[in-house]
Every structure is written in structure tokens, then in C-alpha cells.
Amino acid sequence: MKNTSKFYKASDKKSLTTFSQFPSSFSEAFLQVFNLQRNILELKTLHKATKIIMSIMLIATIGSFIFGADYTFSGWVGLITGIAVVLNLILVDQGRLTNYSWGILGCVVWLIIAINNRLIGDIASQSFYLIMQFVGLYVWHHQINKQSNKEELTSRSFTWLNGLFWLVITFIIYFIVLFFSKKLNGTQIYLDASLLPLGIVGQVLMTYGYRSQWIAWITLDIVNITIWYNQLQIVSPASTSMFVLQIIMLINSLYGLYLWYYGQQKNH
């Protein structure tokens, strides 16, 4: 991919690692994530196949909103969530820094929907995702500036021992969330309780550029499809838009899995 913007020039600054330097480094990363020109550029320079998938996902998101005919506040929030999540996921697929601008928006509006549906695990998940968006934008910006390729984050792999560690963490968090979901009379608690642990693992691995994140996301998407299908049966707020969004997210996760495991090797 051609280097088409000043945003991708190598940073002349040394790596910022000390606590005193963190505020300026974070501010630089934040401004880059929300820079309108960079956002437009990173969408324009996506691979052709990625643009096609993005278009299909956006059409499906808007179509489900129209078909669901839910023009309440929750319905419009669901539409905004869908669009923000689609753009966030597509940019994550190609390791683009500006995914975090859409990720922050998506987390905020999704959190509103989760609260309206009393999905305790989902509320906890989205709260965690929102915090991690700010961690991720700093880490990605720092890592991309250290790479020779300034356009996309280069993925990494880890050992089977690391994988076993995260599997154990997933189960521990699951039973903790399940306990609190029962106490708070949550909805679909056994499925819902899996969202936070899977989300924590997926988000942490994504933040530090590990390609194994996609295993967690695919599992989480399958659980979410089941949850929102059940919510759709009882006509809960924004359920149609959210159900279609989960299917879109699963398709995207499979595409992201391909890009992070095989696409980058082809490009390099």
C-alpha cells in the first residue's frame, strides 16, 4: 500500500515510556485517532475486498433498522451503534489506528442499549471496552510509530502456555460474573455471563496486537447471536438491529481472522 499521508511518516521523537512523558504522548495519540483527515484517509485506503465487506455490513445494518421499524430512541441508538461498530471492526481488521474513534462511539451507545435491556454481563463488558479504547489508542499509536510500516499495526503471536493462561482467566471471570448476575436478576445469565470474560481476553489481546484475539471474538459473537435472538423473540428494545449486528460481527471476525493470520504475511 502506498504511503499517501503525512500521518504515516515515522515519528522523529524517541519512544515515550516515562510517566512524565505519558500525557503528551497520549494527547498525540488521541488527536491522531480523532483527526478527520486521517479517519477519511484510512477508510479510503482500505483493501478493495474490505470495502466490499464494509458496504455489505453497512447496508445490512441500515436495512435491519428499516425492517425492524423501531423508530424509538432505543431504535435510533441501535442504528448508531451498528454503524459505529461496523466501521470500528473494519478498521481493526486492517490494523488501522482510527478504529478507536468509532470504537469509543460504539461502546457509549451500546452501553445505553445494554442498560435498557438489563443485560448485566453486557453492561460490564461495554464499560470495560470503553476504558480499553483509551488504553488501546495509546498502545497502538506507540507500537505503529516503532514499526517500519506506519500504516497498519503488525500482528503478533504467543505460545500455547500463554493461551492456557488466558483460558483459565476466562473461566475465573465467567463464574464471578455469573454470581453477580444471579444476585442482580440479570437476563439470560448463563450466556450473558460469558460476555465479559471473552471480551476482556479479546480486548487485551487486541490492544497488544495478538492475532489470537479473533478466537475470543468469534466465540463471543456466537454467544451474542444467541442472546439477541432470544431478545428478539420478546421484542426487547433495539433487538432487531442488535441481532443483525451480531451476525455482521461474526462475519467480520472471520474476515479479521483471515487478515491477521494470512493477509499480513501475503502483504509482507
Side-chain angles (χ1 to χ4, degrees), residues 1 4-5 7-8 26-47 49-58 61 80-111 125-126 128-147 149-156 199-214 216-218 220-221 245-246 248-261 263-264 267:
M1 188 176 294
T4 56
S5 171
F7 300 117
Y8 297 137
F26 179 83
S27 176
E28 180 186 348
F30 187 86
L31 291 175
Q32 285 294 303
V33 165
F34 285 95
N35 184 287
L36 180 60
Q37 288 179 284
R38 181 163 184 161
N39 271 269
I40 294 172
L41 177 69
E42 294 201 339
L43 286 171
K44 285 176 62 177
T45 56
L46 292 172
H47 299 323
T50 306
K51 288 180 179 178
I52 293 172
I53 292 175
M54 179 180 70
S55 299
I56 294 172
M57 291 166 67
L58 288 173
T61 299
I80 296 171
T81 303
I83 293 173
V85 169
V86 165
L87 295 176
N88 168 248
L89 294 176
I90 283 295
L91 290 164
V92 169
D93 286 346
Q94 285 199 214
R96 301 298 177 86
L97 179 65
T98 54
N99 82 81
Y100 288 103
S101 63
W102 299 102
I104 290 171
L105 173 61
C107 287
V108 170
V109 289
W110 193 321
L111 184 57
S125 298
Q126 294 307 318
F128 172 76
Y129 293 156
L130 183 58
I131 294 171
M132 287 301 294
Q133 296 303 306
F134 295 97
V135 177
L137 69 86
Y138 170 76
V139 174
W140 276 40
H141 180 262
H142 180 71
Q143 188 62 34
I144 288 173
N145 278 342
K146 289 167 54 181
Q147 300 174 175
N149 175 15
K150 304 299 179 183
E151 298 180 18
E152 302 177 2
L153 183 75
T154 302
S155 65
R156 298 188 291 171
I200 287 176
V201 172
Q203 191 69 53
V204 171
L205 296 183
M206 171 193 157
T207 298
Y208 292 97
Y210 288 106
R211 60 180 70 109
S212 299
Q213 61 162 304
W214 294 108
W217 293 133
I218 289 170
L220 186 147
D221 291 337
L245 177 59
Q246 306 315 312
I248 289 171
M249 290 176 70
L250 176 59
I251 295 171
N252 177 81
S253 292
L254 294 171
Y255 180 62
L257 178 75
Y258 167 77
L259 284 182
W260 281 54
Y261 272 87
Q264 288 193 354
N267 292 336

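Computation of the quantities below employed the complete heavy-atom set of this structure, encompassing side-chain atoms and omitting hydrogens, waters and symmetry-equivalent molecules. Bear in mind the structure is a predicted one, so any value in this text is a computation, not a measurement.
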Which heavy atom in Ser101 sits nearest to a heavy atom in Val33, and how many Å separate them? N-CG1, 3.3 Å
Distance in Å, [X] [atom1] paired with [Y] [atom2], rounded so as to fall on 0.5 Å steps:
{"X": "Gln133", "Y": "Phe128", "atom1": "CD", "atom2": "CZ", "result": "10.0 Å"}
{"X": "Gln246", "Y": "Ser253", "atom1": "CD", "atom2": "OG", "result": "10.0 Å"}
{"X": "Thr81", "Y": "Trp110", "atom1": "OG1", "atom2": "CH2", "result": "8.0 Å"}
{"X": "Ile80", "Y": "Leu105", "atom1": "CD1", "atom2": "CG", "result": "7.0 Å"}
{"X": "Thr61", "Y": "Ile248", "atom1": "OG1", "atom2": "CD1", "result": "3.5 Å"}
{"X": "Asn88", "Y": "Trp102", "atom1": "CG", "atom2": "CH2", "result": "10.0 Å"}

[Y] side chain reached by [X] side chain, heavy atoms, under 4.5 Å:
{"X": "Met57", "Y": "Ile90", "result": "yes"}
{"X": "Lys51", "Y": "His47", "result": "no"}
{"X": "Leu91", "Y": "Leu46", "result": "yes"}
{"X": "Trp140", "Y": "Met206", "result": "yes"}
{"X": "Trp214", "Y": "Asp93", "result": "yes"}
{"X": "Phe30", "Y": "Leu137", "result": "yes"}

Which one of Leu153, Thr45, Asn39 satisfies the side chain to side chain contact (heavy atoms under 4.5 Å, CB included) criterion with Arg96? Thr45
Start with the C-alpha distance between Met54 and Leu43, add both sets of side-chain angles, then the distance that settles side chain to side chain contact (heavy atoms under 4.5 Å, CB included), and finish with yes or no. CA-CA 10 Å; Met54 179 180 70; Leu43 286 171; 4.1 Å; yes
Tell me if a side-chain donor or acceptor on [X] pairs with a main-chain N or O of [Y] at a distance below 3.5 Å.
{"X": "Gln94", "Y": "Gly256", "result": "no"}
{"X": "Gln126", "Y": "Val108", "result": "no"}
{"X": "Glu42", "Y": "Thr98", "result": "yes"}

Intermediate values then yes/no, side chain to side chain contact (heavy atoms under 4.5 Å, CB included), Leu31 and His141: CA-CA 11 Å; Leu31 291 175; His141 180 262; over 6 Å; no
Go through Arg156 and Arg211 one step at a time and tell me if the side chain to side chain contact (heavy atoms under 4.5 Å, CB included) criterion holds. CA-CA 6 Å; Arg156 298 188 291 171; Arg211 60 180 70 109; 5.8 Å; no
Under a 3.5 Å threshold, yes or no: a donor from one side chain and an acceptor from the other, between Ser155 and Tyr261? no
Name all residues meeting the side-chain hydrogen bond (donor to acceptor under 3.5 Å, both in side chains) criterion together with Gln213; count only those two or more places apart in sequence or in a different chain, and write none if there are none. Trp217
Are the aromatic rings of Phe134 and Tyr138 close, with centres under 6.0 Å apart? no
